[in-house]
Undergrad: 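My questions all concern the structure below.
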Number of protein chains: 2
Amino acid sequence: MKTETRQQEIIRVAAKLFKEKGYSAVTMRDLAKAMGIKAASLYNHINSKQDILNTIIISLAEEFTEGMKQISTSNDTCIEKLKKIIQLHVNISSKNSYGMASLNNDWMHLETQRTYYKKLRSDYENDFKTILEDGIKAGEIVNAKPDVMMFSILTTLRSLYIWIPKKEDLSLEELTNTLSQILIKGINK
Amino acid sequence: MKTETRQQEIIRVAAKLFKEKGYSAVTMRDLAKAMGIKAASLYNHINSKQDILNTIIISLAEEFTEGMKQISTSNDTCIEKLKKIIQLHVNISSKNSYGMASLNNDWMHLETQRTYYKKLRSDYENDFKTILEDGIKAGEIVNAKPDVMMFSILTTLRSLYIWIPKKEDLSLEELTNTLSQILIKGINK
DNA sequence: GTCTATAACGCGATAGAC
DNA sequence: GTCTATCGCGTTATAGAC
């Protein structure tokens, strides 16, 4: 286990608080109390509350960008790519469910980095949609609106962070498989 | 068109601001500016910021409860019930996408009504799960984990408020049908 | 590296004039 | 019904002691 710097500890504890109450509702005094120090002392390790949010969100967004890059440029079939995307979301969401909450709910509170975040997200969605469109052309998936398909799958994957911590009995592999089944083949018998 | 009271107007404008920035990040001064009056004047029409949130969330939660009650007690098949649930979410989300944002993201900031809200939500999810379990028993839907199926469908439906306002070209009926197809039969060909 | 003290400001909410 | 002025408190952030 790597030793965690005090700065990393603050960011980790902040992410947990942000998940519970949202960025705006968490005060620096809340964070300091959770760390067992005074609010003023936080500023020996971090520059600002805003910087904490930047670190949490941008590192996660770049992790998704990197994962999507590898998946979209592979030679897999559309269905295989989709399964890998599902796996990507399950893995990141299980490793960092606190950060995922900020990514999903608090990105609008980014200041200097909001534009950059929105570009990463938009690129990700475009890659996703291209995979679906290629799958339709190749006859792998049904010819329905790619927008609606992407919306449906992606919102489910984006909400995994809420759900994964409650289901510790379910292994990640099992969850990935079940989700793949449901999202791709539906629930109809 | 019904005439809107000043109070209703404040709640409507507040819901819009809450959707953009979240409950905690919206100040009474923000709300007053959006209304074209001073913050103090708001209190002639509403009791508190918290009361605005209560009204937005509880009325919506009760609307879902009422809809689910009619669906779950009907004699429809499981698949028909699911389609009606999808329709319920599409209808409410299109009528009130601002309020849906608060319902999804700001319920944790409820004070006196949080327990009541959580009961309504929990009852809703139990009814949903029962419908799925009955569908499995009846052989209508696949024998996968009802939790995962419900999570997948419900998170998609709960995120509709983000998506519907961006797709004004798509009719609600068309959206309901496409979503039903995708959520029930999957995207696999 | 953490503390106390403090600055400068914005917050929700209220009182009272008009 | 809206205003100005204000209350008590929370906010981010900094300065300086230890």
Side-chain angles (χ1 to χ4, degrees), chain A residues 2-58 102 105-114, chain B residues 2-58 98-99 101-102 105-114 117:
Chain A
K2 262 192 295 189
T3 35
E4 190 184 43
T5 67
R6 200 83 167 126
Q7 188 186 63
Q8 289 170 329
E9 191 187 354
I10 290 173
I11 291 169
R12 180 175 53 79
V13 172
K16 187 172 178 178
L17 296 180
F18 291 169
K19 181 181 178 184
E20 287 162 9
K21 305 205 293 173
Y23 174 76
S24 301
V26 174
T27 69
M28 295 302 271
R29 284 173 173 80
D30 290 337
L31 178 54
K33 188 172 277 181
M35 290 292 297
I37 58 176
K38 294 287 169 185
S41 305
L42 291 170
Y43 290 88
N44 284 303
H45 310 281
I46 51 102
N47 292 322
S48 65
K49 189 186 178 190
Q50 176 67 203
D51 245 32
I52 299 175
L53 188 67
N54 277 339
T55 306
I56 294 171
I57 292 183
I58 299 300
S102 298
N105 304 321
D106 287 321
W107 61 266
M108 70 283 275
H109 298 119
L110 289 173
E111 289 161 17
T112 59
Q113 307 272 59
R114 188 166 65 242
Chain B
K2 262 191 296 190
T3 35
E4 190 184 42
T5 67
R6 200 86 168 120
Q7 188 185 63
Q8 288 169 330
E9 190 187 355
I10 290 172
I11 292 169
R12 180 174 54 80
V13 172
K16 186 172 178 179
L17 296 180
F18 291 168
K19 181 181 178 185
E20 286 161 10
K21 305 206 294 173
Y23 174 76
S24 300
V26 174
T27 70
M28 296 302 273
R29 286 169 174 82
D30 290 337
L31 178 54
K33 188 173 276 181
M35 291 291 298
I37 57 176
K38 294 287 167 185
S41 304
L42 290 169
Y43 291 88
N44 283 303
H45 309 281
I46 51 102
N47 291 322
S48 65
K49 190 186 177 190
Q50 177 66 204
D51 245 32
I52 297 176
L53 188 67
N54 277 338
T55 305
I56 293 171
I57 292 183
I58 299 300
Y98 297 139
S102 299
N105 304 320
D106 287 321
W107 61 266
M108 72 282 276
H109 298 119
L110 289 174
E111 289 161 16
T112 58
Q113 307 273 58
R114 187 165 66 243
Y117 161 77

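In the text below, chain A, chain B and the rest are named by the order of the sequence lines, each starting its count at 1.
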Undergrad: Check for a donor-acceptor pair, side chain of A/Q113 on one end and backbone N or O of A/I58 on the other, with a separation under 3.5 Å.
TA: no

Undergrad: Determine whether B/M35 and B/R6 make a side-chain contact, defined as any pair of heavy atoms from C-beta on separated by less than 4.5 Å.
TA: yes

Undergrad: Quick one: does any side-chain atom of B/E9 pair with a main-chain N or O of B/E4 as donor and acceptor, under 3.5 Å?
TA: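 Not a single qualifying donor-acceptor pair exists.
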
Undergrad: Would you say C/dA13 has OP1 or OP2 under 4.0 Å from some side-chain N or O of B/Y43?
TA: yes

Undergrad: I need the CG-C1' distance between B/L31 and C/dG10, as an integer number of Å.
TA: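 In whole Å, C/dG10 C1' and B/L31 CG are 16 Å from each other.
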
Undergrad: B/L17 and side chain to side chain contact (heavy atoms under 4.5 Å, CB included): which single residue from B/E20, B/K19, B/K21 fits?
TA: B/E20

Undergrad: What's the CE-P distance between B/M28 and C/dA13, to the nearest Å?
TA: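 Interatomic distance, CE of B/M28 to P of C/dA13: 6 Å.
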
Undergrad: May I have the distance from B/D51 (atom CG) to C/dT14 (atom P), rounded to whole angstrom?
TA: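 Roughly 11 Å, once rounded to whole Å.
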
Undergrad: What is the distance, rounded to the nearest whole Å, between atom CG of A/D30 and atom C1' of D/dG10?
TA: 10 Å

Undergrad: Write down the distance between CD (B/Q50) and C1' (C/dC11), rounded to a whole number of angstrom.
TA: 15 Å

Undergrad: Check A/H45 against A/I10 and note the closest heavy-atom contact, atom names and distance.
TA: CB-CD1, 3.6 Å

Undergrad: Output the residues of residues 32-41 of chain B in contact with DNA chain D, where contact means a heavy atom of the residue under 4.0 Å from an atom of the strand; sort by number or write none.
TA: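 B/I37, B/K38, B/A40, B/S41 - these, ordered by number, are the residues of the stretch whose heavy atoms sit under 4.0 Å from the strand.
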
Undergrad: State, to 0.1 Å, how close B/D106 and B/Y23 come at their nearest heavy-atom pair, and which atoms those are.
TA: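 Result for this residue pair: OD2-N, 2.9 Å.
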
Undergrad: Please report the distance, rounded to the nearest Å, between CD1 in B/I46 and P in C/dA13.
TA: 7 Å

Undergrad: How many whole angstroms separate atom CG of B/L17 from atom P of C/dG12?
TA: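 Result: 12 Å.
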
Undergrad: Can you check whether B/Q8's main-chain N or O pairs, donor with acceptor, with B/R12's side chain at less than 3.5 Å?
TA: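 Pair absent, no side-chain N/O of B/R12 close to backbone of B/Q8.
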
Undergrad: To the nearest Å, give me how far apart CG (A/L42) and C1' (D/dA13) are.
TA: 11 Å

Undergrad: Checking all strands, does A/R29 fall into the base, sugar-phosphate, or nothing category for heavy-atom contacts under 4.0 angstrom?
TA: base

Undergrad: Can you figure out which of C/dA13, C/dC11, D/dA13 approaches the side chain of A/S48 most closely?
TA: D/dA13

